[in-house]
Amino acid sequence: MAVHVTVWDDRDRAGADRAPAGPVDRDAPALFVHNIFSWGSDPAYGFAGQRPLADGRRLLLVDRRGYGDSPDTARSDFEVDAEDVVEVLEGGARAAGPGGAHLVGHGNGAVAVLLAAARRPDLVRSLALVQPSAFTAAAHHPVVAALLDRVRDGAPGIPDDVTPEQYLRASTEGLGMEMPEPTERRLRAVATSMGERPVWEAEIPLEAIRGAALPVLVICGTWEGAPAAYREHVGLPLMAVAESLTESLAGRLLRVPGYYPHTQEPAAVNAALREFWG
């Protein structure tokens, strides 16, 4: 397999210690795909807060290429990520039985999840999209259109002399947020993020996903309490994308406080995922 997958499965322990908090479906794993600056099991931006869900099913946490324990890549690309997700679905997820897996994607990871679901809907049971960065799917919205105009008209790139640690600091402390510890693992993830193919180049095949009639849950923060600049330039477009995708895919929209739903409000997100998966 081209990428590393962390596997969490606490069903035996849950059965010994207590009944799981939700319905048990042993044949339907959940596959998670992370955003930038992160990796699958990352407690800062990844899915560490979703570990409790492993009491009821097997969780597969993908490290995208260039992140976590996956191999390096010359350039991270959502198309390649989507193919890697399909490969995991064809391997470990399918091994659990027919019907495929529940997919969960955050940010750029949600773009990969959408593309993978369009390519192999037969391997997907449901889609949960956490603040998806699928901007082109909501290009009609004025806030998103303004963002796309800015980036497509030559928004300044990252200067060659900017280090990953400087970029991490500017992306966090520079916006009024806490900066995670700049470990070697974190800085590698940041370096990969700095060179990612822009997600605004992704064309989301909404018609194919609609045609598959997959259940869709979109999770979005309210962005209350977020630094003003971060909310204006990132939060407002992401909220618009969440609303647009919910409508386009006939999904359900969950709003939770804050701006990193699955890390800031893991209990609310986990409860919603348990209910959604059934």
Side-chain angles (χ1 to χ4, degrees), residues 2-4 32-48 61-85 105-115 130-136 144 146-204 226-227 229-238 241 259-260 262-263:
V3 293
H4 174 80
F32 294 75
V33 187
H34 63 86
N35 195 19
I36 61 172
F37 290 13
S38 188
W39 53 91
S41 61
D42 174 25
Y45 303 129
F47 295 107
L61 291 81
V62 172
D63 290 345
R64 296 193 287 128
R65 299 185 190 214
Y67 296 91
D69 292 320
S70 285
D72 290 334
T73 181
R75 190 187 195 197
S76 181
D77 188 313
F78 47 80
E79 297 281 359
V80 176
D81 291 337
E83 288 299 323
D84 290 336
V85 170
H106 172 220
N108 291 14
V111 172
V113 159
L114 285 162
L115 295 174
V130 184
Q131 293 195 157
S133 304
F135 297 111
T136 56
V144 178
L147 168 67
L148 293 175
D149 285 344
R150 287 196 303 272
V151 296
R152 287 170 173 167
D153 288 345
I158 303 170
D160 292 339
D161 60 349
V162 172
T163 67
E165 183 168 355
Q166 290 171 331
Y167 190 70
L168 176 62
R169 190 175 304 279
S171 301
T172 53
E173 292 181 352
L175 294 173
M177 297 180 292
E178 182 178 356
M179 173 179 162
E181 183 181 357
T183 61
E184 181 178 352
R185 189 176 183 86
R186 179 74 61 198
L187 294 180
R188 176 176 180 255
V190 174
T192 298
S193 301
M194 291 168 70
E196 270 200 13
R197 182 181 175 188
V199 286
W200 54 83
E201 294 182 2
E203 295 297 332
I204 309 300
Y230 191 42
R231 184 179 191 277
E232 178 182 356
H233 295 295
V234 179
L236 294 181
L238 284 177
V241 170
Y259 44 96
Y260 289 142
H262 61 298
T263 62

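Here the structure is a predicted model, which means the values were calculated and not measured.
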Find out whether [X] and [Y] are in side-chain contact, i.e. whether some heavy atom of one side chain is under 4.5 Å from a heavy atom of the other.
{"X": "Phe32", "Y": "Val62", "answer": "no"}
{"X": "His106", "Y": "His262", "answer": "yes"}
{"X": "Arg231", "Y": "Leu236", "answer": "yes"}
{"X": "Leu238", "Y": "Ser133", "answer": "yes"}

With a 4.0 Å cut-off on N to O distance, would you call Glu196 and Arg65 a salt bridge? no

SB check Glu184 Arg188 (cutoff 4.0 Å): no

side-chain contact (heavy atoms from CB on, under 4.5 Å) between Thr172 and Glu178, worked out: CA-CA 6 Å; Thr172 53; Glu178 182 178 356; over 6 Å; no

Among Tyr45, Phe47, Tyr67, which one satisfies ring-ring contact (aromatic ring centres under 6.0 Å, His included) with His34? Tyr67

When rounded to the nearest 0.5 angstrom, what is the spacing between [atom1] in [X] and [atom2] in [Y]?
{"X": "Arg75", "Y": "Met194", "atom1": "CZ", "atom2": "CE", "value": "13.5 Å"}
{"X": "Ile36", "Y": "Thr192", "atom1": "CD1", "atom2": "OG1", "value": "11.0 Å"}
{"X": "Asp84", "Y": "Asp63", "atom1": "CG", "atom2": "CG", "value": "11.0 Å"}
{"X": "Asp77", "Y": "Arg197", "atom1": "CG", "atom2": "CZ", "value": "4.5 Å"}
{"X": "Ser76", "Y": "Asp81", "atom1": "OG", "atom2": "CG", "value": "4.5 Å"}
{"X": "His233", "Y": "Leu175", "atom1": "NE2", "atom2": "CG", "value": "9.0 Å"}

So, for [X] and [Y], which heavy atoms are closest and what is the spacing to 0.1 Å?
{"X": "Leu115", "Y": "Ala82", "answer": "CB-CB, 3.6 Å"}
{"X": "Pro182", "Y": "Leu187", "answer": "O-CD1, 3.6 Å"}
{"X": "Ala48", "Y": "Pro43", "answer": "CB-CA, 3.5 Å"}
{"X": "Ser38", "Y": "Arg186", "answer": "CA-NH1, 4.1 Å"}
{"X": "Ala134", "Y": "Val241", "answer": "O-CG1, 3.7 Å"}
{"X": "Phe135", "Y": "Val144", "answer": "O-CG1, 3.3 Å"}

Does the structure place the NZ or CZ of Arg185 under 6.0 Å from the centre of the six-membered ring of Trp39, at an angle of no more than 45° from the ring's axis? yes

Are the side chain of Ser171 and the backbone N or O of Leu168 linked by a donor-acceptor pair below 3.5 Å? no

Under 3.5 Å donor-acceptor, Ser193 side chain and Ala189 backbone: yes

If the condition is side chain to side chain donor-acceptor pair (under 3.5 Å), which residues does Asn35 pass it with, not counting sequence neighbours? none

Walk me through whether Val80 and Arg64 qualify under side-chain contact (heavy atoms from CB on, under 4.5 Å). CA-CA 9 Å; Val80 176; Arg64 296 193 287 128; over 6 Å; no

